Amino acid sequence: MENPNKSILEGIIFIFGEDGVTLEQLSLAIDYPIDLTKILCDELIEHYHHDDRGMELVVFNDKYKFITKPFIRSYVERILTLSKTRQLSQSALETLAIIAYKQPITRVEIEEIRGVGCELMLKKLQAMELITESGRAESVGKPILYSITESFLDLFKLMSLDELPNLPTYEDRTEESQLFE
Amino acid sequence: MENPNKSILEGIIFIFGEDGVTLEQLSLAIDYPIDLTKILCDELIEHYHHDDRGMELVVFNDKYKFITKPFIRSYVERILTLSKTRQLSQSALETLAIIAYKQPITRVEIEEIRGVGCELMLKKLQAMELITESGRAESVGKPILYSITESFLDLFKLMSLDELPNLPTYEDRTEESQLFE
Amino acid sequence: MVRFQVNLDQFEGPLDLMLHLIKEKKLDLFNLEVDVLIDQYIEYIHALEDTQLEIASEYLVELATLIEYKSKKCLPVLDPILDIANYEKDTKDELVRRLIEYQKFKDISMRLQTRYDERQLQMDKPADLGYLNEIDDKYHYYESDVYELIKAMEKCIARFHLSHPSQVQFTKSEISLEERMLQILLMINKDKLTYDFEEFIADAQTINLFIVSFLAILELIRKGILGIDTVSDERITFKLGEQYGKSK
């Protein structure tokens with residue numbers, strides 16, 4: 001017989017749905033140490049990772065939640081007219097990437113890296129709640145600083161910003177050949 | 001290895017949430033005979049019946065749905081009493097706002113304003129009893145019309161819809177030009 | 001000579017175009033032959049001008065920088081204080097640095113794309129609200145107010161306008177290189193022998209027009225209609241070139 005706490009965790013995470021629930025809340029609910037609670041959660045993640053399961057247990061923005069596996073969608077579409085998924089343009093992705101890695105960052109700094117203006121793009125990303133104004137820089141004119149939001153973490157399947165893949169360095173000469181294959 | 005259809009069924013039932021999904025719909029989704037689909041569902045019920053699981057798969061009104069097992073309740077209560085209330089997701093708020101201001105309104109009209117599909121979101125909001133189907137439009141295909149409910153008014157602390165403040169008009173050109181300065 | 005397949009739509013900006021040229025010409029980004037890149041870039045932009053396409057100002061700004069770099073390189077080192085060699089090295093290093101930096105974000109955005117696309121296919125289930133509210137009648141799981149609702153509606157409207165820009169009138173007027181060359185030709189009064197650089201840019205109120213003016217002057221020099229008269233620290237003056245008059 002497994003640790004009964006595991007089934008409790010599973011039920012709690014299920015109830016909170018898309019809102020998710022933090023490790024701290026889970027540990028509190030079952031009155032169990034955080035580190036041990038995490039081990040149980042990891043086991044649950046492992047259980048749902050298996051091919052037999054239609055959902056997976058994920059941690060986005062430090063919150064545990066169940067979401068369907070990618071292959072489910074096409075079957076649901078046969079009985080429910082899901083509208084097509086929203087695409088992000090290459091320029092939106094580049095702008096988001098720069099903000100995620102360099103935040104907080106001003107518009108001018110983003111434009112220096114991209115080599116093109118991005119005023120309109122910043123407005124769009126703000127409207128999509130993927131970035132937010134997070135203050136003003138100390139420099140001349142006190143320009144607005146931009147940072148990414150919690151929705152960004154969820155949309156890119158990130159537990160936290162620390163989980164962002166490392167920026168390539170290219171300093172290693174062996175990697176060079178891979179740069180433009 | 002198990003029948004892969006089982007994981008698909010699990011994922012579909014999960015995403016239909018409190019609404020539930022019929023055997024006929026499930027059979028259609030996986031393109032599999034009804035009687036065999038039922039056998040797979042029975043196996044899933046058996047799987048979740050196990051003590052290790054926090055949810056169970058039930059059939060109410062001929063609809064399959066996952067519900068949490070009763071013993072989970074007291075643990076969830078601990079989280080609720082200690083954590084502050086939550087915000088509705090941005091997409092839920094936007095969909096609700098459009099319905100409140102434009103009701104009765106069809107799904108297609110909502111999608112035109114939001115620019116993204118919202119079939120699943122409408123199902124969610126219906127399950128949350130924040131919106132309800134309030135008839136059919138006269139246009140081609142007689143699409144379903146949606147309106148807000150009493151619970152909606154409670155949630156937003158409104159006596160009636162008349163209390164909703166006016167929106168800035170779409171025609172206000174100055175606002176538009178600021179969008180693209 | 002192989003003609004370019006001229007189309008700017010496929011690029012995210014001048015840096016993206018340069019990276020494309022580097023890749024196409026199999027140049028080494030880490031040991032960059034800047035002159036080759038500059039020639040390719042200039043050729044590409046010229047080819048674009050032939051097809052009468054509007055060229056975004058960003059491409060012209062980079063073009064101006066590259067032309068400046070190239071022309072400084074061609075100048076004889078008259079004034080040792082100018083230290084052309086160092087200028088060249090700095091400009092080249094800066095360009096390579098920017099290209100590498102941009103390439104990093106291009107790479108990473110592709111990896112983000114994969115994550116994004118996968119997440120788009122994965123669906124969330126709502127919180128079990130009936131269950132949660134049932135646990136405690138006094139307790140409301142979600143809390144919101146009417147201001148949240150208005151804010152959401154305003155965001156919707158703003159996004160609607162952003163994705164329907166055809167409804168918005170832009171009052172941005174841009175002048176083409178050819179038009180500006182014509183304007184400068186009209187400024188050239190036959191009774192005068194020399195012209196100040198300032199005269200040609202007197203009406204350039206925007207950075208865009210300034211750059212187009214600068215390019216127009218360079219183009220007129222290339223065609224032999226204008227000639228450089230004197231260049232000093234304070235001023236640049238032009239004279240009429242050998243081809244002046246023949247251009248009419």
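Just so we're on the same page: letters track the sequence lines, and every chain starts at 1. On a predicted model such as this, the values are computed, not experimentally measured, just so you know.
- Chain C forms more heavy-atom pairs under 4.5 Å with one residue of Lys65(A), Lys157(A), Met55(A), Gln87(A) than with any other, namely Lys157(A).
- Looking only at atom types and distance, the side chain of Asp39(C) has no donor-acceptor partner in the side chain of Tyr44(C) under 3.5 Å away.
- With sequence neighbours left out, the ring-ring contact (aromatic ring centres under 6.0 Å, His included) criterion links Phe11(C) to His20(C).
- A side-chain N or O of Gln122(C) and one of Glu56(A) form a donor-acceptor pair less than 3.5 Å apart.
- For Val58(A), no part lies under 4.5 angstrom from a heavy atom of chain C.
- Counting heavy-atom pairs closer than 4.5 Å to chain A, the top-ranked of the candidates Val61(C), Leu112(C), Asp117(C) is Leu112(C).
- In terms of heavy-atom pairs under 4.5 angstrom with chain C, the leader among Gly20(A), Ser91(A), Ser89(A) is Ser91(A).
- Checked by atom type, the side-chain pair Glu10(A)/Tyr48(A) shows a donor-acceptor distance below 3.5 Å.
- Residues forming a ring-ring contact (aromatic ring centres under 6.0 Å, His included) with His49(A) (at least two apart in sequence, or on another chain): none.
- For CD of Glu150(A), the number of neighbouring non-hydrogen atoms (other residues, nucleotides, ligands) closer than 6.0 Å is 12 at most.
- With a threshold of 4.5 angstrom between heavy atoms, Glu111(A) does not approach chain C through any atom at all.
- Between Asp145(C) and Lys151(C) there is no salt bridge, since none of the side-chain N atoms of the basic residue sits less than 4.0 Å from a carboxylate O of the acidic one.
- At a heavy-atom cut-off of under 4.5 Å, chain C is reached by Leu93(A), Glu94(A), Ala97(A), Ile98(A), Tyr101(A), Lys102(A) from residues 92-108 of chain A, listed in order of number.
- Looking at Lys106(C) and Gln90(A), their side chains never bring a donor and an acceptor atom within 3.5 Å of each other.
- Proximity to chain C involves both the backbone and the side chain of Asp154(A), based on heavy atoms less than 4.5 angstrom apart.
- A salt bridge (charged side-chain N to carboxylate O under 4.0 Å, His left out) check over residues 17-36 of chain A, counting only residues at least two apart or in different chains, returns the pairs Glu18(A)-Lys124(B).
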